[in-house]
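Reviewing the structure listed below.
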Amino acid sequence: MRQDLVMLKSGRSQERSNLGDLLRHVHLEGSLSRSALAERMGLNRSTIMALTAELTGAGLVREELPRETGRAGRPSLVVRPETDRVYVLAFDVRVDRLVAARVGLGGKVLDRREAVRQRAGADLDDVVGVLAGFARELCGQADSVCVGIGAAYCGMIRPGDGMVRFGPDMGWVDQAFGTELGQRLGLGLPVAVGNEAHLGALAEHERGVGVGYQNLIYLHGDVGVGGGIIVGGKLLDGDGGYGCELGHMIVNPYDGRPCGCGSRGCLEAEVGERALLDAAGRSAELMGHDGIRAVVDAAEEGDEAAREALRRIGDWLGIGVANLINLFNPGMVIFGGMLPDIYRGSAAQVHSRVAANVLVISREAVQLRTAALGDDATLIGAAELAFAELLASPLDALAHSALR
């Protein structure tokens, strides 16, 4: 009897795993035929049919005839995610902007809201209030269900409860962001919070330019620079979850610029927003993407001060990239946030440093690319964080969401 129970539990566990795997394939790829799912998962067609029947009955996917077949015989039904019915709320808290979105199963942004965030110091109450207001506007219709909430924040996040341990750009220290936002939302769902660059790395790995690469580095520019590293298909998070603070890698220890972390010569201090604007002699009133793009545009129009500023910043960025390639041997380095604009104006300097300072074997195949998801990489990463519980155990997670 005991052996029978063990076998029964094992069978149910395997079924939950298969359901999650199938839903993940459909979630990430949008729509797949039964035959394609069978091939990807290594399961027979009858098992795939049983799994899709369960997910269809739960309202997570639907099956329909393909729009075009091009083949003789009976076509394989196509499985599609129920994008409009099942969704998550995703939030992206940047230094100077707050973004919220309703993201449907399958990764489609269904609706979004944005607001300017004033650079006014520790503003937890204001941030939570704005995001909660956005959430009330974004929540779906009565026949739809919210299955998770995810948020990206530009700081060091404690795993488990969404506590912002340190956010140097806005002075956040031990701010209970995840807990406070969850209480203000009042949806009965926990808020999963992650570092913005970590989530950007995951998003580009799963949905962006890094699809198919098992080892990549994502560098995210906001006011400073953050980073996420994927090793063997998994995020490198460190012992306490605070790993990959690539922006605080020291590149100029002797006469470097002061950094918000208290050190000097950090990568983000040498290549961040203020470093570029100061080097180009721009007004202190300029900031954010508009300020960065103004310098890049001026350089393209022949402004020598802007060109020299980009050469200098690009050289420091190239030193940082060279160090990372030598350390991790990635297949790809991805520039996100404001860095694509900087890279656009300084690619020659970055490539020159890689050529001069990276071990020849490591630089043979590495690709340097800008983020395919653009400014939404961190927002999409927050949505994927919110979908994690559903994709791990679809029926259980859906049941829990319905009970809340």
Side-chain angles (χ1 to χ4, degrees), residues 95 154-156 166-171 195-197 201 217-229 236 238 242-284 286-288 291-292 295-296 298-299 304-330 333-359 362-363 366 368 370:
V95 172
C154 48
M156 300 176 75
F166 186 45
D169 293 313
M170 299 299 288
N195 171 271
E196 62 172 354
I217 293 172
Y218 173 81
L219 286 169
H220 184 84
D222 200 335
V223 170
V225 175
I229 300 175
L236 184 66
Y242 308 117
C244 302
E245 284 291 332
L246 307 185
H248 297 288
M249 172 175 56
I250 305 299
V251 295
N252 187 13
Y254 298 111
D255 59 353
R257 292 170 58 91
C259 182
C261 73
S263 185
R264 301 183 71 91
C266 294
L267 179 65
E268 77 166 44
E270 301 298 341
V271 307
E273 171 195 284
R274 199 66 254 160
L276 178 62
L277 296 178
D278 287 349
R282 298 289 162 149
S283 167
L286 281 175
M287 60 182 65
I292 297 296
V295 174
V296 176
E304 190 53 42
R307 285 183 172 180
E308 179 56 33
L310 282 166
R311 282 194 289 267
R312 177 178 176 181
I313 298 304
D315 194 48
W316 287 121
L317 180 59
I319 290 172
V321 169
N323 284 333
L324 292 169
I325 295 172
N326 281 333
L327 279 168
F328 295 100
N329 184 215
V333 177
I334 304 169
F335 301 104
M338 290 190 289
L339 287 180
D341 291 302
I342 293 176
Y343 181 67
R344 183 179 113 213
S346 63
Q349 282 69 39
V350 175
H351 283 271
S352 177
R353 277 294 181 181
V354 169
N357 300 124
V358 174
L359 295 168
S362 295
R363 72 169 184 260
V366 66
L368 305 186
T370 56

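Keep in mind that the numbers below use all heavy atoms, side chains included, and drop hydrogens, waters and symmetry copies.
- V223 and M338 make their closest contact through N-CE, 3.8 Å (heavy atoms, listed as atom of the first residue, atom of the second, distance).
- We find the CD1-CD distance between I319 and Q349 to be 11.5 Å, quoted to the nearest 0.5 Å.
- Formation of a donor-acceptor pair under 3.5 Å by the R257 side chain with backbone atoms of E270 is not found in this model.
- For the pair N329/L359, no side-chain contact is recorded, criterion being any heavy-atom separation below 4.5 Å from C-beta on.
- No side-chain donor-acceptor contact under 3.5 Å links R353 to the backbone of L317.
- Contact record, I250 with S263: CD1-OG, 3.5 Å, taken as the closest heavy-atom pair.
- Using cut-offs of 30° and 60° on the angle between ring planes, the pair H351 and Y343 is tilted.
- The nearest pair of heavy atoms linking A299 to R307 is O-NE, 2.9 Å.
- The line from CG of L246 to CD1 of I229 is 4.5 Å long, rounded to the nearest 0.5 Å.
- Rounding to the nearest 0.5 angstrom, the gap separating the SG atom in C244 from the CG atom in L236 is 4.5 Å.
- Interatomic distance, OG of S362 versus CG of L324, reported as 12.0 Å (0.5 Å rounding).
- Nearest heavy atoms, R282 versus A306: NH2-CB, 4.3 Å.
- Put simply, the side chain of E268 gets close to the backbone of V225: a donor and an acceptor are under 3.5 Å apart.
- In this structure, CD1 on I217 lies 8.0 Å from CG on L327, to the nearest 0.5 angstrom.
- Annotation for A269 and C259: closest pair CB-CB, 4.0 Å, computed over non-hydrogen atoms.
- Of the possible polar contacts, none joining the N195 side chain to the Y242 backbone as a donor-acceptor pair under 3.5 Å is found.
- Here the side chains of V271 and I342 are not in contact, with every heavy-atom distance at 4.5 Å or above.
- Counting heavy atoms of neighbouring residues, nucleotides and ligands inside a 6.0 Å radius, atom CZ of R312 does not exceed 12 of them.
- Going from atom CG of D315 over to atom CG of L310 covers 12.5 Å, rounded to the nearest 0.5 Å.
- Residue G227 comes nearest to A197 through the heavy atom pair N-CB, 3.2 Å, listed as atom of the first residue, atom of the second, then distance.
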